[in-house]
Amino acid sequence: MTELVTTLSDYQFEIAARTSMGPKLVSLLKYPNVRLYQGILPQVMTDRLNCAKAYLDVNRGMKDIKVIRQFLKSGKPVLAFNNTMSMAGNDQYLVFANDQVEKMIDWIRTID
């Protein structure tokens with residue numbers, strides 16, 4: 001995640017969780033293009049998803065599949081790596097090889 005945040009410094013990353021976040025995620029706050037939402041409320045989550053241009057499914061831990069499905073219904077892309085993907089079989093769900101961070105970065109740059 002750090003490589004995405006630092007390389008794409010002109011993009012805003014909003015990271016949300018229904019619970020508190022661990023030190024690894026909290027450490028990303030040192031970057032001005034990162035905003036964390038800990039203990040996010042459902043309506044705020046919906047608002048943030050509606051504003052997002054893409055969803056990065058790059059968390060290796062537990063995930064809320066309902067949120068990812070909700071985002072996919074919007075027709076906007078979900079990007080993941082092989083080792084973080086939580087679903088497949090959807091045209092908007094794009095999976096990159098674990099070593100293709102640059103390819104994902106290039107793809108993100110095509111989003112307006």
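When reading the values below, keep in mind they use all heavy atoms of this one structure, side chains included, and skip hydrogens, waters and symmetry mates.
- The side chain to side chain contact (heavy atoms under 4.5 Å, CB included) test applied to Arg69 returns Ile65, Met87, not counting sequence neighbours.
- Two residues are said to be in side-chain contact when any heavy atoms from C-beta on lie closer than 4.5 Å; Met104 and Leu4 meet this criterion.
- Under the side chain to side chain contact (heavy atoms under 4.5 Å, CB included) criterion, Ala52 pairs with Phe71, sequence neighbours left out.
- Residues Tyr37 and Tyr31 fall into different hydrophobic clusters, defined by Ile, Leu, Val, Met, Phe, Trp and Tyr side chains chained together at heavy-atom separations under 4.5 Å.
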Next item on the list: For the pair Ser74 and Asn50, evaluate side-chain contact (heavy atoms from CB on, under 4.5 Å) and give the outcome as yes or no after the intermediate values.
Entry: CA-CA 8 Å; Ser74 72; Asn50 288 338; over 6 Å; no

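- Considering OG1 of Thr6 and CG of Leu28, their distance stands at 9.5 Å, rounded to 0.5 Å.
- Heavy atoms only, all atoms of each residue included: Val58 and Met1 are closest at CG2-SD, 3.8 Å.
- At a threshold of 4.5 Å between non-hydrogen side-chain atoms, the residues Lys76 and Gln92 do not count as touching.
- Listed by first and then second residue, the salt bridge (Lys or Arg N to Asp or Glu O under 4.0 Å) pairs that reach into residues 40-58 are Glu14-Arg48, Asp57-Lys63, sequence neighbours excluded.
- How far CG of Asn33 is from CG of Leu8: 8.0 Å, rounded to the nearest 0.5 Å.
- Under the 4.5 Å side-chain heavy-atom criterion for grouping Ile, Leu, Val, Met, Phe, Trp and Tyr, Ile40 is not connected to Leu25 through any hydrophobic cluster.
- For the side chain to side chain contact (heavy atoms under 4.5 Å, CB included) test, residues two or more places apart in sequence or in another chain that qualify with Val67 are Arg18, Met45, Leu49, Tyr55, Asp64.
- Here the side chain of Thr84 pairs no donor or acceptor atom with the backbone of Ala80 at under 3.5 angstrom.
- With sequence neighbours left out, Asp10 forms a side chain to side chain contact (heavy atoms under 4.5 Å, CB included) with no residue at all.
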Check: Going through the distances and angles, do Val78 and Leu94 end up as a side-chain contact (heavy atoms from CB on, under 4.5 Å)?
Finding: CA-CA 6 Å; Val78 174; Leu94 308 170; over 6 Å; no

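- Pairs of residues two or more places apart, or lying in two chains, never qualify as side chain to side chain donor-acceptor pair (under 3.5 Å) while including a residue from residues 96-111.
- Within the 4.5 Å cutoff, the side chain of Asn59 has no heavy atoms near those of the Ile15 side chain.
- Counting heavy atoms from C-beta on, the side chains of Phe81 and Val101 come closer than 4.5 Å.
- Between Val44 and Leu41 there is a side-chain heavy-atom pair separated by less than 4.5 Å.
- Residues Val5 and Tyr11 fail the side-chain proximity criterion, which asks for heavy atoms closer than 4.5 Å.
- Side-chain heavy atoms closer than 4.5 Å link hydrophobic residues (I, L, V, M, F, W, Y) into clusters, and following such links, even through other members, never connects Val95 to Leu79.
- Put simply, the side chain of Gln38 gets close to the backbone of Met21: a donor and an acceptor are under 3.5 Å apart.
- Side-chain contact between Phe96 and Asn82 is absent, with no heavy-atom pair separated by less than 4.5 Å.
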